[in-house]
Amino acid sequence: MGVGHSSLSSSVDSLCITAFKPQPKTSALYNPSPQRQIPLFPTPKHPPFAGLKFATLNSGRVAGEMEIQKGIAALQKPIVDFHGIDEDLVQKMVYDALVWTSLHGLVVGDRNIQRSGKLPGVGMVHAPIALLPTLFPESHWKQACELAPIFNELVDRVSLDGKFLQQSLARTKKVDAFTSRLLDIHSKMLEMNKKEEIRLGLHRSDYMLDEKTKLLLQIELNTISSSFAGLGCLVTDLHRMLLNDYGENLGLDSGRIPGNTASLQFAEALAKAWTEYNNPRAVVMVVVQTEERNMYDQHWLCTVLKERYNVRSIRKTLAEIDSEGQLLPDSTLLVDGQTVAVVYFRAGYAPTDYPSESEWRARLLTEQSSAIKCPSISYHLAGTKKIQQELAKPNVLERFLENKEDIAKLRKCFAGLWSLVDSDITKKAIEEPKLFVMKPQREGGGNNIYGDDVKETLLRLRKEGSEEDAAYILMQRIFPAVSPTFLIRDGICHKDHAISELGVYGAYLRNKEKVIMNDQCGYLMRTKVSSSNEGGVAAGFAVLDSIYLT
């Protein structure tokens, strides 16, 4: 369901925030946003949102004046006292953070350098990051961690039910060409009676903490290209370093940042899958985009694979797989003459990854092979938005899971999810569009529909009377708390008000009836300005963050 540029899909546009123009103190590292010059954290001298004007928008009961005042009141009682933080201290921390990111590989390709997405070491820039971790309730953190193995098992069970996948996505197939092509490959595997005896899943389930209900609600479940396991760990280490050095000034304890071993555990899962394939000369093949500015996140996993497990990896685009790949009579996959044990997809999740028939041939070739796919086509389909919505229907989880406690835990984190064939809910969405998000069957940031665009799209679909509505689902809009924060991008630190999304990684490996690995594997926190609807770090909307348990 999504790639490292996950949706961060619901935000707070019920608050329209504007600030008085400041007379800023500037430096090369610290450049407060020209429209937001208010002290970032609450202090006796500067209460939360001092100097900010709030304009209520007509978004019904959720975005009323009372909700805004409650949000402000909550921030006026911060758990952590940030009194004393000043611009000189911020500049020191920013400088230290930029040095640390450079020395420890917390980097991405610079969009301004043409070759940065093709050649390692050319045009590197620090990854966009939050300067300090985001406060997060420990109880909800534990809840998210407990859910990871359950979702891992659910994906595996759903993947084995080809009839459920085909039927659930049948209407979507008629109007969404991309989903249709994926289903065609899936159908061919069913016709061949192709069994994936060794199944590997590297997942990430994304959540937001709803401010009104105080519930941890799932945004989406990613089953393909769940990225930032490599860089996310580094942000955790960076924040711990900063709090070790400056925690006394900030009133923060580095021990409250939970450990994050996502890159180590993802690499371990890939290595164990490689071992199950049982060919010491085989390689792990990472399927990549033609230009990949997030390559260093991927290289971290491959480096751990080589150094810890002596497992070699190769990087190939889908087009290269088509031109260099061949299937032996025993279904062994060879690419450039090398036997492939594991195919790890960090591309192939979006229509843009398939510009020609060459890429589709490559996807089919890998699926027909005996190589372990991460994900297989069935795992990929199990992570689509439509399947997420189907699983939220009454009595559907019982089709795949037996444990009633596990089912109850999953249902507790489900946000409202509906098909557009539900006339009552579409009517409500037209009347109160700000309470809903329309989601197409697409991964990555920048695809969802918000606000008045929801109303306009629904009215257009109703007028046209076509089946295009099957390409979307409706989801309850989640309104997380708005928190002040420091965001660093391109070496410049900005003050702003932000919301955050927690992603919890999970790894699942099974060989026939034996479950070899089913673990929660660290986390990813992404933070973005509250005025932005869309999210996703690689898509340019969000920054990498970590959590501070409260």
Side-chain angles (χ1 to χ4, degrees), residues 1-7 154-196 199-204 220-227 285 287-289 316-319 321-322 325 327 333 343-369 371-391 419 439-444 447 467-473:
M1 184 141 289
V3 44
H5 30 284
S6 156
S7 62
L154 177 63
V155 169
D156 189 64
R157 300 282 185 89
V158 171
S159 76
L160 298 176
D161 196 332
K163 184 178 179 180
F164 173 78
L165 290 172
Q166 289 285 334
Q167 289 181 344
S168 298
L169 292 163
R171 287 190 71 241
T172 304
K173 180 177 182 176
K174 296 178 181 179
V175 294
D176 188 304
F178 178 62
T179 303
S180 178
R181 294 297 297 265
L182 296 175
L183 283 168
D184 286 344
I185 295 175
H186 182 250
S187 294
K188 290 176 181 176
M189 297 306 104
L190 293 177
E191 292 169 7
M192 293 170 53
N193 197 28
K194 178 77 161 58
K195 303 292 185 183
E196 298 294 334
R199 303 189 292 277
L200 172 64
L202 297 179
H203 306 143
R204 194 188 68 235
E220 64 181 0
L221 177 62
N222 305 278
T223 60
I224 182 170
S225 189
S226 302
S227 62
M285 181 173 68
V287 183
V288 299
Q289 294 174 332
K316 296 291 180 180
T317 65
L318 285 168
I321 295 170
D322 180 50
L327 206 60
L333 176 63
V343 182
Y344 175 40
F345 285 97
R346 291 296 293 261
Y349 53 82
T352 51
D353 290 335
Y354 301 84
S356 72
E357 286 301 309
S358 174
E359 287 77 17
W360 285 112
R361 286 194 299 268
R363 185 66 187 270
L364 178 60
L365 182 73
T366 59
E367 206 63 36
Q368 291 172 325
S369 76
I372 302 165
K373 277 74 70 176
C374 181
S376 65
I377 192 69
S378 57
Y379 266 47
H380 186 169
L381 292 170
T384 56
K385 308 287 195 304
K386 180 61 181 175
I387 296 300
Q388 181 187 8
Q389 180 252 311
E390 287 291 321
L391 291 171
S419 165
K439 292 189 170 186
Q441 306 299 319
R442 294 291 177 269
E443 309 308 331
N447 297 304
E467 292 191 79
E468 188 189 340
D469 61 350
Y472 301 91
I473 65 165

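These figures come from a predicted structure and were not determined experimentally.
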Query raised in the report: Where is the tightest heavy-atom contact between Ser369 and Leu327, given as atom of each residue plus distance?
Result: CB-CD1, 3.4 Å
Query raised in the report: Taking the side chain as C-beta and beyond, is there a heavy-atom pair between Leu190 and His186 under 4.5 Å?
Result: yes
Requested in this report: Please round to the nearest 0.5 Å and tell me the distance separating atom CG of Leu318 and atom CD of Gln289.
Outcome: 9.5 Å
Query - Min side-chain heavy-atom separation Trp360-Asp184 under 4.5 Å - result: no
Query raised in the report: Is there a side-chain contact between Leu202 and Tyr344, using heavy atoms and a 4.5 Å cut-off?
Result: yes
Query raised in the report: Heavy atoms, side chains only, cut-off 4.5 Å: are Leu364 and Met189 in contact?
Result: yes
Requested in this report: Can you see which heavy atom on Gly348 is nearest to which on Asp353, and at what distance?
Outcome: N-OD2, 2.8 Å
Query raised in the report: Below 4.5 Å, heavy atoms only, C-beta onward: do His203 and Tyr379 meet side chain to side chain?
Result: yes
Report task. Compare every heavy atom of Leu165 with every heavy atom of Ile387, then report the nearest pair and how far apart it is. Result -> CD1-CD2, 3.9 Å
Query raised in the report: Hey, are the side chains of Phe164 and Glu390 touching, using non-hydrogen atoms and a 4.5 Å cut-off?
Result: yes
Query raised in the report: What are the two closest heavy atoms between Ser187 and Gln166, and how far apart are they?
Result: OG-NE2, 3.1 Å
**Report entry** Lys/Arg-Asp/Glu bridge criterion (N-O < 4.0 Å) met for Glu359, Arg363
**Finding:** no
